[in-house]
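The next block holds one structure in the form of structure tokens; read it before the comments.
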Amino acid sequence: MERTLKMLAKEAKTRMKRGFWERCEQELEECRRDARAQGISESKMERYFVDKVTGTIRGDAPDAFYLKVKKMLLEEGEVSDAIGRLTDKAYYATLSYEEKQRYNLELSEKYLEALKRFRREYEFEHARP
């Protein structure tokens, strides 16, 4: 269902009434302090924080592929056969040679994006005491 302007305005009003922005400001200040203490770039941390809050406001659903990559990275770290582990074997078996090559390339790109996202999140969420 697409959200209308009226619905978006009502959601914004609710966020204001419930102190969403005050909590964001407090959390941002804590993150800034932690970033300074850890020697992490404050501007880099702020960009990450803005992306996180924006996703919350938009109501972004967790990306299933990213969650799978995150789970793998947390449990086993970066592994040399990550693409193989992430491959949908049943689907892959139905593809032609050219389609397999395209699938591997797309999966690799998707994995690298998920890895970048994980590193960015890990840097800021685990740097905090």
Side-chain angles (χ1 to χ4, degrees):
M1 178 175 88
E2 191 172 318
R3 300 187 306 181
T4 65
L5 183 58
K6 187 175 181 178
M7 292 168 70
L8 293 170
K10 186 175 182 179
E11 290 171 12
K13 187 175 180 179
T14 301
R15 278 192 297 276
M16 288 177 66
K17 283 183 177 180
R18 292 188 179 159
F20 176 82
W21 294 112
E22 289 81 8
R23 286 191 309 278
C24 282
E25 187 62 37
Q26 289 170 350
E27 187 178 345
L28 178 59
E29 190 50 45
E30 288 174 20
C31 289
R32 283 184 184 132
R33 269 195 307 270
D34 294 342
R36 280 190 296 269
Q38 298 290 324
I40 298 171
S41 164
E42 284 184 59
S43 62
K44 193 174 174 184
M45 182 280 309
E46 287 173 359
R47 284 191 301 274
Y48 164 73
F49 189 83
V50 167
D51 289 344
K52 183 177 163 186
V53 171
T54 302
T56 300
I57 290 171
R58 278 194 315 246
D60 292 347
D63 177 3
F65 180 80
Y66 173 71
L67 294 176
K68 188 174 180 179
V69 170
K70 182 178 179 179
K71 182 177 188 283
M72 182 179 70
L73 291 168
L74 288 173
E75 290 176 356
E76 303 175 48
E78 290 185 48
V79 293
S80 59
D81 64 339
I83 303 303
R85 293 180 188 206
L86 296 168
T87 299
D88 180 343
K89 308 283 191 273
Y91 173 70
Y92 191 78
T94 67
L95 301 175
S96 70
Y97 176 79
E98 292 82 12
E99 291 170 329
K100 285 179 181 178
Q101 297 302 310
R102 191 174 311 112
Y103 178 85
N104 286 333
L105 180 61
E106 290 170 358
L107 187 61
S108 295
E109 290 172 352
K110 208 171 164 185
Y111 170 71
L112 290 174
E113 284 302 314
L115 182 60
K116 276 194 249 180
R117 177 179 168 188
F118 174 80
R119 287 177 178 161
R120 196 170 51 245
E121 288 180 5
Y122 191 84
E123 177 181 12
F124 297 118
E125 291 178 4
H126 291 83
R128 299 180 71 187

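All heavy atoms count here, side chains included; hydrogens, waters and symmetry mates do not. What you see is a predicted model, and the numbers here were worked out from it, not measured in a lab.
Looking only at distances, no side-chain donor or acceptor of Tyr103 sits under 3.5 Å from a matching main-chain atom of Thr87. Side-chain atoms of Lys89 come within 3.5 Å of backbone atoms of Gly84 as a donor-acceptor pair (strictly under, hydrogens ignored).
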Where do Glu46 and Arg32 land on the side-chain contact (heavy atoms from CB on, under 4.5 Å) test, with the steps shown first?
-> CA-CA 8 Å; Glu46 287 173 359; Arg32 283 184 184 132; 2.7 Å; yes
Given Glu113 and Lys116, is the salt bridge (Lys or Arg N to Asp or Glu O under 4.0 Å) satisfied, shown in steps?
-> CA-CA 5 Å; Glu113 284 302 314; Lys116 276 194 249 180; 3.2 Å; yes
For side-chain contact (heavy atoms from CB on, under 4.5 Å), just list the numbers for Arg119 and Leu73, CA-CA rounded to whole Å, side-chain angles, deciding distance to a tenth of an Å, and then say yes or no.
-> CA-CA 10 Å; Arg119 287 177 178 161; Leu73 291 168; over 6 Å; no
Worked verdict on Tyr111 versus Leu86 for side-chain contact (heavy atoms from CB on, under 4.5 Å) | CA-CA 9 Å; Tyr111 170 71; Leu86 296 168; 3.5 Å; yes
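No chain of hydrophobic side-chain contacts below 4.5 Å, direct or via other Ile, Leu, Val, Met, Phe, Trp or Tyr residues, connects Val50 to Trp21. When hydrophobic clusters are built by joining Ile, Leu, Val, Met, Phe, Trp and Tyr residues whose side-chain heavy atoms come closer than 4.5 Å, directly or via intermediates, Tyr97 is not grouped with Tyr91.
Glu27 has its side chain out of reach of Arg23: every pair of non-hydrogen atoms, C-beta onward, lies at least 4.5 Å apart. The closest side-chain heavy-atom distance from Glu98 to Gln101 is not below 4.5 Å.
With sequence neighbours excluded, the residues satisfying salt bridge (Lys or Arg N to Asp or Glu O under 4.0 Å) with Lys71 are Glu75.
How far CE of Met72 is from CG of Leu67: 12.5 Å, rounded to the nearest 0.5 Å. Note that the CE atom of Met7 and the CG atom of Leu5 stand 11.0 Å from one another [nearest 0.5 Å]. In this structure, the separation between OG on Ser96 and CZ on Arg102 is 7.0 Å, given to the nearest 0.5 Å. Annotation: the span from Glu29 atom CD to Phe49 atom CZ amounts to 10.5 Å, rounded to 0.5 Å. Atoms NZ and CG, on Lys110 and Leu105 in that order, are 13.0 Å from each other to the nearest 0.5 Å.
Among Arg47, Arg36, Arg33, the one residue that satisfies the salt bridge (Lys or Arg N to Asp or Glu O under 4.0 Å) test with Glu42 is Arg36.
Residue Ala114 comes nearest to Phe65 through the heavy atom pair CB-CE2, 4.2 Å, listed as atom of the first residue, atom of the second, then distance. Taking each heavy atom of Tyr92 and Lys100 in turn, the nearest pair found is O-CE, 3.2 Å. Looking at every heavy atom in both residues, Cys24 comes nearest to Val53 through SG-CG2, 4.0 Å.
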Name each donor-acceptor pair under 3.5 Å that joins a side chain in residues 9-20 to protein atoms two or more places apart or in another chain, with its distance.
{"from": "Glu11", "atom 1": "OE1", "to": "Arg3", "atom 2": "NH1", "distance (Å)": "2.7"}
{"from": "Glu11", "atom 1": "OE2", "to": "Arg3", "atom 2": "NH1", "distance (Å)": "3.4"}
{"from": "Thr14", "atom 1": "OG1", "to": "Lys10", "atom 2": "O", "distance (Å)": "2.9"}

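Salt bridge status for Glu121 with Arg117: present, with a side-chain N to carboxylate O gap under 4.0 Å.
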